[in-house]
Amino acid sequence: MQPESQIPIAATVRRRFAVRLALFYSAVFAVSGAHLPFFSVWLKAIGIDAAWIGVIMALPAMTRFTTLPYATAFAEKRHAIRAGMTISVFATAVGFAVLGLQQQPLALFLVYAATCVLWTPTIPLTDAYALRGVARYKLDYGPVRLWGSAAFAAGSLACGFLVDTIAARDLIWVIVALAAVAAFTSLLLQPLDDVRRKSAEARGGTALLRDPAFWAIIVSAALIQNSHVAYYTFSAINWRAHGLGGLTIAGLWTLGVIAEILVFALSPRFSLHASTLMAIGGAGAVVRWIVTANEPPLALLAIVQLGHGLTFGMTILGTMSLLVQRVPSRQIARGQGYYAACIGLLGAATSIVSGAIYARVGEGLYYVMAGMAGLGALLIWSARHRLKAHPQSEASGG
């Protein structure tokens with residue numbers, strides 16, 4: 001029988017893991033909160049045209065399907081997921097600092113490409129670390145992950161406030177400062193025990209890629225999540241062209257993130273199957289992008305932004321739940337790498353094409369995004385019976 005003196009220690013370790021993971025999620029997503037809405041604004045401010053912006057903004061997605069899967073597989077093979085997270089965020093801070101010294105499109109492209117190679121593994125490795133910890137300490141993913149969303153909103157609001165008070169060409173240094181905070185926060189993460197099963201690891205990658213249900217999950221997730229490309233890349237530029245100030249734009253982004261946080265907070269109470277959550281996310285995205293394409297007034301746009309809780313929040317919760325069910329814990333980093341690679345492949349193509357489409361039809365680009373989301377919803381809905389019937393994977397920890 002376990003001595004009573006050990007029970008509080010176990011609870012303390014569990015709480016410490018959750019708090020430190022939440023802090024790291026917060027720091028990492030604060031960087032994204034500043035980067036996603038306003039990096040394209042910075043590019044425009046230093047004189048980069050829309051076509052180049054589309055190409056440059058495609059780089060994170062391109063690295064997700066080229067270099068990222070190798071990085072996650074290497075970290076998993078070396079049992080160095082936490083170390084990989086630390087290296088990634090420190091390198092990101094340095095990369096953005098160097099990027100801020102560039103002015104020419106080609107130089108920006110090359111430096112940003114190198115930065116993205118080092119940066120894009122951060123979230124998949126963090127999610128892999130989180131899902132292993134969630135399984136070990138019997139935590140709920142949503143309530144821990146919501147702190148990342150809250151910090152995303154804070155980063156977006158901070159940048160939105162600053163874009164009205166400082167020159168837009170100085171926004172890159174806000175991103176650099178937040179990246180530095182994330183780097184030092186990574187030093188607080190505690191190690192997780194790794195069960196070393198070399199023979200199983202050797203078979204893990206190809207086994208996942210032979211699973212049609214795994215493909216259904218990651219492809220449908222990629223379609224729904226990449227339907228946000230127009231929003232991530234051009235919403236701030238478009239809204240500024242319509243006369244909205246930086247703080248208003250940040251407020252619109254924040255409304256979406258607040259809805260996302262509520263979804264994460266309430267997720268332990270959800271009883272719907274994970275595939276249904278993803279289908280709801282895709283259907284919600286169809287409605288959201290169609291309304292956005294029609295230049296809604298500010299009040300309606302604010303309401304539509306609340307749909308981010310469905311289009312992103314429901315989709316990511318469903319995806320993570322299904323990945324835990326389908327992918328054994330010892331292969332979760334590899335599974336996250338394939339998932340990120342699928343999103344990156346489609347995202348790179350979408351970002352490049354969206355730059356050209358936006359230059360010609362402006363907000364009509366959102367109709368294309370609605371079509372992508374609808375296709376993703378149909379795909380996951382058609383696979384729901386297979387996913388529901390599948391037993392929980394060995395050592396999944398879900």
Side-chain angles (χ1 to χ4, degrees), residues 29-62 92-116 119 152-182 228-254 256-257 292 295 298 301 305 347-348 351-352 354-363 365:
F29 278 93
V31 179
S32 296
H35 175 270
L36 271 179
F38 294 108
F39 185 66
S40 60
V41 174
W42 174 73
L43 289 172
K44 184 176 175 62
I46 62 173
I48 309 302
D49 63 32
W52 263 109
I53 290 174
V55 172
I56 291 171
M57 293 295 284
L59 284 170
M62 292 176 68
T92 297
V94 174
F96 274 119
V98 175
L99 191 69
L101 302 176
Q102 311 306 313
Q103 298 290 324
Q104 299 302 316
L106 182 58
L108 284 164
F109 178 89
L110 294 175
V111 175
Y112 191 51
T115 302
C116 289
W119 180 27
F152 183 100
S156 179
L157 280 172
C159 239
F161 175 77
L162 290 172
V163 79
D164 289 333
T165 57
I166 66 173
R169 63 188 304 113
D170 293 329
L171 287 173
I172 189 67
W173 302 112
V174 179
I175 299 173
V176 171
L178 292 171
V181 171
H228 294 73
V229 163
Y231 169 62
Y232 292 152
T233 306
F234 293 107
S235 64
I237 293 174
N238 187 61
W239 292 340
R240 281 175 68 86
H242 282 75
L244 299 183
L247 194 57
T248 302
I249 292 170
L252 288 170
W253 275 70
T254 302
V257 178
T292 304
E295 301 182 23
L298 182 58
L301 185 59
Q305 282 296 96
S351 184
I352 293 171
S354 68
I357 295 175
Y358 182 80
R360 289 168 174 77
V361 300
E363 288 167 308
L365 173 62

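The first residue in the sequence is number 1, and the count goes up from there.
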**Student:** Mind running side chain to side chain contact (heavy atoms under 4.5 Å, CB included) on Lys44 and Arg240 for me, showing each step along the way?
**Tutor:** CA-CA 12 Å; Lys44 184 176 175 62; Arg240 281 175 68 86; over 6 Å; no

**Student:** Indicate every side-chain donor-acceptor pair of residues 45-56 with a distance under 3.5 Å to a residue at least two apart or in another chain.
**Tutor:**
| unit_1 | atom_1 | unit_2 | atom_2 | d |
| --- | --- | --- | --- | --- |
| Asp49 | OD1 | Ala51 | N | 3.3 |
| Asp49 | OD1 | Trp52 | N | 2.9 |

**Student:** Do you know which two heavy atoms are closest between Leu178 and Ala34, and how far apart they sit?
**Tutor:** CD1-CB, 3.7 Å

**Student:** Of the non-hydrogen atoms in Glu363 and Asn238, which two are nearest, and what is the gap between them?
**Tutor:** OE2-ND2, 2.7 Å

**Student:** Would you name the heavy atoms of Val111 and Gly95 that are closest together and state the gap between them?
**Tutor:** CG1-O, 4.1 Å

**Student:** If you round to the nearest 0.5 Å, how far is CG of Leu99 from OG1 of Thr115?
**Tutor:** 5.5 Å

**Student:** Ignoring hydrogens, what is the shortest heavy-atom contact between Ser32 and Trp119? Give both atom names and the distance.
**Tutor:** OG-CZ2, 4.3 Å

**Student:** Please check: side-chain N/O of Thr248 versus main-chain N/O of Leu244, any donor-acceptor pairing under 3.5 Å?
**Tutor:** no

**Student:** Check this for me: Gln103, atom CD, are more than 12 non-hydrogen atoms of other residues, nucleotides or ligands nearer than 6.0 Å?
**Tutor:** yes

**Student:** To the nearest 0.5 Å, tell me how far Leu108 CG sits from Leu59 CG.
**Tutor:** 10.5 Å

**Student:** Mind running side chain to side chain contact (heavy atoms under 4.5 Å, CB included) on Phe152 and Thr254 for me, showing each step along the way?
**Tutor:** CA-CA 8 Å; Phe152 183 100; Thr254 302; over 6 Å; no

**Student:** Can you tell me how far CZ of Phe38 sits from CD1 of Ile175, rounded to the nearest 0.5 angstrom?
**Tutor:** 10.0 Å

**Student:** For the rings on Trp253 and Tyr231, is their centre-to-centre separation under 6.0 Å?
**Tutor:** yes

**Student:** Mind listing the closest non-hydrogen atom pair of Tyr358 and Ile237 along with its distance?
**Tutor:** OH-CG2, 4.3 Å

**Student:** Check step by step if side chain to side chain contact (heavy atoms under 4.5 Å, CB included) holds for Leu365 and Phe234.
**Tutor:** CA-CA 10 Å; Leu365 173 62; Phe234 293 107; 4.1 Å; yes

**Student:** If you apply the rule side chain to side chain contact (heavy atoms under 4.5 Å, CB included), what do you find for Leu301 with Trp239, and how did you get there?
**Tutor:** CA-CA 11 Å; Leu301 185 59; Trp239 292 340; 3.6 Å; yes

**Student:** Without swapping roles, check the side chain of Ser354 against the backbone of Ser351 for a donor-acceptor pair under 3.5 Å.
**Tutor:** yes

**Student:** Looking at Thr233, is its backbone amide N or carbonyl O close enough to the side chain of Ser40 to form a donor-acceptor pair, meaning the two atoms are under 3.5 Å apart?
**Tutor:** yes

**Student:** Shortest non-hydrogen contact from Val98 to Gln102?
**Tutor:** O-NE2, 3.1 Å

**Student:** Is the closest side-chain heavy-atom distance between Phe96 and His35 below 4.5 Å?
**Tutor:** yes

**Student:** Whether the side chain of Trp42 engages the backbone of Arg169 through a donor-acceptor N/O pair (distance < 3.5 Å, no angle test) should be reported.
**Tutor:** yes

**Student:** Any chance the rings of Tyr112 and Phe39 have centres within less than 6.0 Å?
**Tutor:** yes

